Amino acid sequence: RMADFVEEIKKMITEYDEQIAVSDLVINLAIEAFKELRNYPGSWDEDRILADLEKNKAKIAMAAIEIDSKNGAENQLSHSENGTSRTYSEYLMAYKGVVGFANCV
């Protein structure tokens, strides 16, 4: 089922821009970043998590594009020419506004 979800993300990205070719690795990184941010409760099974991922498919697709585009000097927050100092955002802009679950200990 997760492999099908990855293929759906690839298809969305291609529909967005057919010249963007994002690897399975990049898509899986975007999915893992989303899962980490959401902080799913331990009681959730894979089907419930996958249902939540489905609801956020567009965000995950945009995050995959964002991850892929950071390969090189694009999407920098700042840049210094002589010292070659680059700074990137610590979080994915595609996930701005995504709220994680509060889990009790």
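A quick note: this is a predicted structure, and the numbers were derived from the prediction, not measured. Side-chain atoms are counted along with the backbone in the values below, which use heavy atoms only and exclude waters and symmetry mates.
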(request) Sort and list the pairs that fulfil side-chain hydrogen bond (donor to acceptor under 3.5 Å, both in side chains) and have at least one residue in residues 6-21, not counting sequence neighbours. (result) E8-K57, K10-D24

(request) List for me each residue that meets side-chain contact (heavy atoms from CB on, under 4.5 Å) alongside L29, sequence neighbours excluded, and say none if there are none. (result) L25, I67

(request) Inspect the surroundings of CD in E36 and state if more than 12 heavy atoms from other residues, nucleotides or ligands are less than 6.0 Å away. (result) no

(message) Do L53 and K35 have side chains that approach each other closer than 4.5 Å (heavy atoms only, starting at C-beta)?
(response) yes

(message) So does V99 get a backbone contact from the side chain of R38, meaning a donor-acceptor N/O pair under 3.5 Å?
(response) yes

(message) For the CD1 atom of I31 and the CD1 atom of I9, what is their distance to the nearest 0.5 Å?
(response) 6.0 Å

(message) Looking at every heavy atom in both A30 and A64, which two are closest together, and how far apart are they?
(response) CB-N, 3.7 Å

(request) Run the numbers on I27 and F5 for side chain to side chain contact (heavy atoms under 4.5 Å, CB included), then give the verdict. (result) CA-CA 10 Å; I27 294 171; F5 183 71; over 6 Å; no

(message) Taking side-chain contact (heavy atoms from CB on, under 4.5 Å) as the definition, give me every residue that meets it alongside D47, ordered by chain and number, with sequence neighbours left out.
(response) R1, D45

(request) Kindly give the heavy-atom pair with the smallest separation between A58 and M12, and that separation in Å. (result) CA-CE, 3.7 Å

(request) Hey, can you tell me if Y95 and F34 have their rings parallel, tilted or perpendicular (30° and 60° cut-offs)? (result) perpendicular

(request) Hey, could you give me the OG/CG distance between S23 and N28, rounded to the nearest 0.5 Å? (result) 8.5 Å

(request) Would you mind reporting whether I20 and V22 have side-chain heavy atoms less than 4.5 Å apart? (result) yes

